[in-house]
There are 2 protein chains.
Amino acid sequence: MLPPQADPGDSEKVVKVIPEATVARLAVYLRVLGQLADGGAETVSSEELAAVSGVNSAKLRKDLSHLGTYGIRGVGYDVASLQHELEKVLGLDHPQAVALVGVGNLGHALAGYGGFGGRGFPVTAMFDVDPDLVGTPINGIEVRHVRDIPAVCPAVGVTIGMIATPAQAAQQVCDQLVAAGVHSILNFAPTVLQVPAEVEVRKVDLAVELQVLAFHVAGRINEGGPTSPQVVHGRNGSAVATS
Amino acid sequence: MLPPQADPGDSEKVVKVIPEATVARLAVYLRVLGQLADGGAETVSSEELAAVSGVNSAKLRKDLSHLGTYGIRGVGYDVASLQHELEKVLGLDHPQAVALVGVGNLGHALAGYGGFGGRGFPVTAMFDVDPDLVGTPINGIEVRHVRDIPAVCPAVGVTIGMIATPAQAAQQVCDQLVAAGVHSILNFAPTVLQVPAEVEVRKVDLAVELQVLAFHVAGRINEGGPTSPQVVHGRNGSAVATS
DNA sequence: CTATGTGAAGTTCTTCACAGCT
DNA sequence: AGCTGTGAAGAACTTCACATAG
């Protein structure tokens with residue numbers, strides 16, 4: 001159940017540090033495990049799980065080793081129990097309340113996205129400034145005015161905020177969320193948010209993603225003339241630009 | 001398997017290697033420079049530009065140093081020319097044609113998202129399998145059936161594909177895009193795509209982002225009681241879980 | 001004197017390769 | 001035998017701190 005060296009009872013706090021890069025992959029492993037479980041698998045080897053997750057097996061084993069020892073040597077990992085363990089580590093046992101700010105084009109899509117309510121992330125509150133939206137229900141949740149953030153978020157226990165407003169509004173909205181005690185923010189607005197150190201921001205920046213891809217396209221064009229050599233990048237390799 | 005760099009023997013091609021991590025930030029700098037230019041700034045110091053971009057100034061200078069020497073010591077960087085240089089490096093001088101596959105909830109939002117057509121990334125082709133969608137125009141582009149990918153993509157010169165289909169369909173769609181010569185893919189579907197080595201995939205995985213945030217929320221809960229110590233993470237710091 | 005560009009040091013992440021458990 | 005868990009080596013990235021150009 002618990003790692004033997006831990007002493008969870010008293011003030012002697014045993015802390016396991018999990019690298020940031022690992023955390024993001026754990027979420028992927030968890031999803032893959034779900035698929036494997038649906039397929040009826042009881043155990044997986046690191047080799048299999050890694051292949052389906054798109055990583056190499058040594059990395060996967062090291063990632064899982066940060067959680068403790070959950071594998072069986074000579075066999076692999078028990079799908080169900082590893083799944084359960086990952087859910088626990090990722091904090092999916094006690095569900096998170098998510099607030100969505102900005103119910104425009106993108107926000108509307110996010111509100112309806114299955115991945116949230118379906119898998120432990122109910123959108124519990126929605127905010128906008130558009131008078132045509134405020135007061136109307138979306139997915140059964142009434143859209144409130146942005147000015148109500150300080151009142152509503154603590155009341156419904158919001159722990160995660162998603163910002164899908166235009167860029168100009170994002171910083172102000174962010175400040176309000178932080179003031180309302182929301183310390184984890186997912187930012188879809190194309191702007192860099194300034195936040196206090198205790199606030200965790202992750203961004204989804206579509207323009208940046210496309211520009212990174214464009215960079216690689218440009219590299220391919222400039223690099224490979226009529227003769228097209230192997231493109232120089234692996235799973236996470238460096239890139240090449242000519243001058 | 002991969003000859004990293006061809007022998008630099010006689011073709012005297014000067015190649016600058018730009019780290020992957022840097023490329024993603026260049027796109028951010030470019031956006032910030034645009035804002036500064038709108039604000040009338042002629043030059044910026046690395047300190048300023050870094051602060052607005054949310055990075056530290058040494059990192060910014062090292063990033064820019066990969067492109068060559070574009071700063072003026074004692075002064076800073078010329079906003080306009082740096083902007084121009086970044087656009088060139090990121091391949092934004094010759095525009096990219098983007099194909100969007102999956103015009104459901106999320107895809108519809110992406111089609112209308114301003115960041116694309118507005119800034120060098122016109123959505124040039126759209127695909128879906130829903131008979132109610134196929135044939136109808138969205139944003140002036142007619143939605144074609146997914147089976148037309150091999151015909152349409154090369155015809156309109158698509159270089160970047162965006163996949164916004166359900167997870168089950170994503171791999172198949174991906175294979176079709178790759179077969180159609182699309183070597184850069186932005187994947188919104190919650191699944192890991194298997195692609196040949198020469199194809200560049202970037203993913204936007206909302207469930208993963210939320211789960212990473214949830215992990216940090218859980219860490220805060222388990223960690224900080226009534227006395228709330230400094231949370232252990234910097235811009236990209238490691239995280240903490242208690243047991 | 002100011003702010004860049006960069007070697008060098010430091011940190012984090014990845015990969016290797018093999019000891020050790022089942 | 002087969003496969004995990006891990007120390008050690010390596011690669012990538014970040015930060016420091018200062019020589020150097022303007």
Side-chain angles (χ1 to χ4, degrees), chain A residues 3-5 16-26 28-29 33 41-51 53-79 81-82 85-86 212 232-240, chain B residues 1-2 4-5 16-26 28-29 33 36 41-79 81-82 85 212 232-240:
Chain A
Q5 73 268 29
K16 280 175 292 209
V17 177
I18 301 182
E20 190 72 10
T22 292
V23 175
R25 285 189 298 266
L26 294 181
V28 175
Y29 304 152
L33 284 170
E42 304 239 313
T43 62
V44 246
S45 67
S46 64
E47 204 69 57
E48 283 177 82
L49 183 50
S53 303
V55 304
N56 97 15
S57 67
K59 193 185 322 199
L60 181 137
R61 288 199 302 277
K62 181 136 296 197
D63 282 343
L64 294 185
S65 77
H66 291 295
L67 317 182
T69 298
Y70 292 98
I72 308 156
R73 294 182 189 223
V75 178
Y77 299 88
D78 182 79
V79 171
S81 66
L82 183 55
E85 180 60 25
L86 287 178
V212 171
V232 184
H233 77 283
R235 174 122 299 269
N236 198 9
S238 292
V240 169
Chain B
M1 180 180 169
L2 280 185
Q5 240 137 341
K16 280 172 290 204
V17 177
I18 301 182
E20 190 73 10
T22 292
V23 174
R25 285 189 298 265
L26 294 181
V28 175
Y29 305 152
L33 284 170
L36 292 174
E42 304 239 315
T43 63
V44 247
S45 66
S46 63
E47 204 69 58
E48 283 176 81
L49 183 50
V52 184
S53 302
V55 304
N56 96 14
S57 67
K59 190 180 336 197
L60 181 136
R61 287 198 302 278
K62 182 137 292 195
D63 282 344
L64 295 184
S65 76
H66 291 295
L67 318 183
T69 297
Y70 292 97
I72 308 155
R73 294 184 189 227
V75 178
Y77 299 88
D78 181 79
V79 172
S81 63
L82 183 55
E85 181 59 25
V212 171
V232 184
H233 77 284
R235 175 124 298 268
N236 198 8
S238 292
V240 170

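So that the names make sense, note that chain A is the first sequence line, chain B the second, and so on, each numbered from 1.
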Seminar exercise, completed: Taken to the nearest 0.5 Å, the spacing of A:L49 CG from A:Y29 OH works out to 7.5 Å

Exercise. Which distance, rounded to the nearest 0.5 Å, do you find between the OG1 of B:T43 and the CG of B:L36?
Worked result: 10.0 Å

For this session: Could you pull out all residues at least two apart from A:E47 that satisfy side-chain contact (heavy atoms from CB on, under 4.5 Å)?
Result: A:S45, A:S57

Exercise. What nucleotide, of D:dA17, C:dC16, D:dT14, holds the atom closest to the side chain of B:R25?
Worked result: D:dT14

For this session: Could you please name the option among C:dT4, C:dT15, D:dT15 that lies closest to any side-chain atom of B:K59?
Result: D:dT15

Exercise. Within the pair A:S46 and D:dT4, is there a side-chain N or O less than 4.0 Å away from OP1 or OP2?
Worked result: yes

Problem set entry | For B:R25, all residues meeting salt bridge (Lys or Arg N to Asp or Glu O under 4.0 Å), sequence neighbours excluded | B:D63

For this session: Check whether any side-chain heavy atom of A:L82 sits under 4.5 Å from a side-chain heavy atom of A:L64, and report yes or no.
Result: yes

d([atom1], [X]; [atom2], [N]) in whole Å:
X     : N      : atom1 : atom2 : value
A:E47 : C:dA17 : CD    : P     : 15 Å
B:D78 : C:dA3  : CG    : P     : 16 Å
A:E20 : C:dC13 : CD    : P     : 8 Å
A:N56 : D:dT4  : CG    : P     : 13 Å
B:E85 : C:dT4  : CD    : P     : 17 Å
B:L82 : C:dA3  : CG    : P     : 17 Å

Seminar exercise, completed: Hits for side-chain hydrogen bond (donor to acceptor under 3.5 Å, both in side chains) against A:S53, two or more places apart or cross-chain, chain-then-number order -> none

Exercise. Starting at the 5' end of DNA chain C, which residue's closest nucleotide do you reach first, A:T22 or A:I72?
Worked result: A:T22

Exercise. Toward the 5' end of DNA chain C, which comes first, B:V75 or A:A58, by nearest nucleotide?
Worked result: B:V75

Scan the side chains in residues 67-79 of chain B for donor-acceptor partners under 3.5 Å anywhere in the protein, sequence neighbours excluded, and list what turns up.
{"unit_1": "B:Y70", "atom_1": "OH", "unit_2": "B:E85", "atom_2": "OE1", "d": "3.2"}
{"unit_1": "B:Y70", "atom_1": "OH", "unit_2": "B:E85", "atom_2": "OE2", "d": "3.0"}
{"unit_1": "B:D78", "atom_1": "OD2", "unit_2": "B:A80", "atom_2": "N", "d": "3.4"}
{"unit_1": "B:D78", "atom_1": "OD2", "unit_2": "B:S81", "atom_2": "N", "d": "2.9"}
{"unit_1": "B:D78", "atom_1": "OD2", "unit_2": "B:S81", "atom_2": "OG", "d": "3.1"}

Exercise. Can a donor-acceptor pair under 3.5 Å be found between the side-chain atoms of A:R73 and the base atoms of D:dT4?
Worked result: yes

Seminar exercise, completed: Under a 4.0 Å heavy-atom cutoff, the residues of residues 61-70 of chain B touching DNA chain C are B:R61, B:K62, B:S65, B:T69, B:Y70

